Amino acid sequence: MNTKVSVGSKIRSLRESKMMDVEVLAERAQLPVEQIKAIENDGPLPGLAPLIKIARVLGVRLGTFLDDQQGVGAVVSRSSQERESVRFSNHGQEGHENMIYHSLSEGKENRHLEPFVIDILPNENAQYSLSTHEGEEFIYVLDGQVEVNYGKHTYLLEKGDSIYYDSIVKHHVHGFGGAAARILAVIYTPI
């Protein structure tokens, strides 16, 4: 199954249910109005940081934008049924979608962690902007090489390597040298 979730329509629906204007959401999330409008119109998603800020303003967890339904109990993700949750441009300045997120917690109610398998697509000559948001991230490299810019440091991770960091520090994750890679990422964001 490879159905893409409409993150923008979920955000718009939540915003409208709270009778909140786009401008108010943008101001409270400290994001440009144009970016909120683009997200709501299912344009390229710039990365997790803006979605986390929007989720906080709307009073929901990040997974609310990614799930179709929620259930109580254990959630099993089968590799044979991998589902694309969302694609991000991941702050690539040219807006090219270069990350495909596959949720590993789809349907888990009231979760505090957001685990994903992320396919980092090849992206030569990309320039990135570092992002910041509340919470923590754990990344484990499944395939390829990954470069992590974290504050003033740059880390090169290879298959089997991992990194755990506070997301409040400016950071960016991408394939080393613009090459493809695959990672397991677990993200914690307080509500």
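Only this structure's heavy atoms are used, side chains among them; waters, hydrogens and symmetry mates stay out. Counting begins at 1 with the first residue of the sequence. All values reported here derive from a predicted model rather than from experimental measurement.
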[Y] reachable from [X] in the ILVMFWY side-chain graph, under 4.5 Å edges:
X	Y	value
I187	V169	yes
F176	V146	no
V22	M19	no
Y165	I120	yes
L156	F138	no

Tell me, do [X] and [Y] make a side-chain contact under 4.5 Å, heavy atoms counted?
X	Y	result
H102	D119	yes
T189	E134	no
H171	S131	yes
L51	I11	yes
R12	R15	yes
L58	K18	yes

Return the minimal non-hydrogen interatomic distance between [X] and [Y], and the atom names on each side.
X	Y	value
D42	G8	OD1-N, 3.1 Å
P50	L31	O-CD1, 3.8 Å
G151	L130	O-CD2, 4.3 Å
L113	P115	O-CD, 3.4 Å

Nearest-0.5 Å distance that lies between atom [atom1] in [X] and atom [atom2] in [Y]:
X	Y	atom1	atom2	answer
L142	R182	CG	CZ	6.5 Å
E137	Y164	CD	OH	10.5 Å
I100	L121	CD1	CG	4.5 Å
E16	D21	CD	CG	10.0 Å
S9	I39	OG	CD1	13.0 Å
K152	N149	NZ	CG	14.5 Å

Criterion side chain to side chain contact (heavy atoms under 4.5 Å, CB included) against R28, the qualifying member of E23, K53, M20: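 Checked E23, K53, M20 against R28; only one passes side chain to side chain contact (heavy atoms under 4.5 Å, CB included): M20.
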Among I183, V173, I163, side chain to side chain contact (heavy atoms under 4.5 Å, CB included) partner for L157: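 Of the listed residues I183, V173, I163, the side chain to side chain contact (heavy atoms under 4.5 Å, CB included) partner of L157 is I163.
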Give me the ring orientation class for H172 and H174: parallel if the planes are under 30° apart, tilted from 30 to 60°, perpendicular past 60°.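 Ring orientation, 0 to 90° scale: tilted.
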E147 and T154: side chain to side chain contact (heavy atoms under 4.5 Å, CB included), yes or no, with the steps? CA-CA 7 Å; E147 186 172 83; T154 299; 3.5 Å; yes
Does T132 reach the main-chain N or O of I168 with its side chain, forming a donor-acceptor pair under 3.5 Å?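 Confirmed, T132 side chain pairs with I168 backbone.
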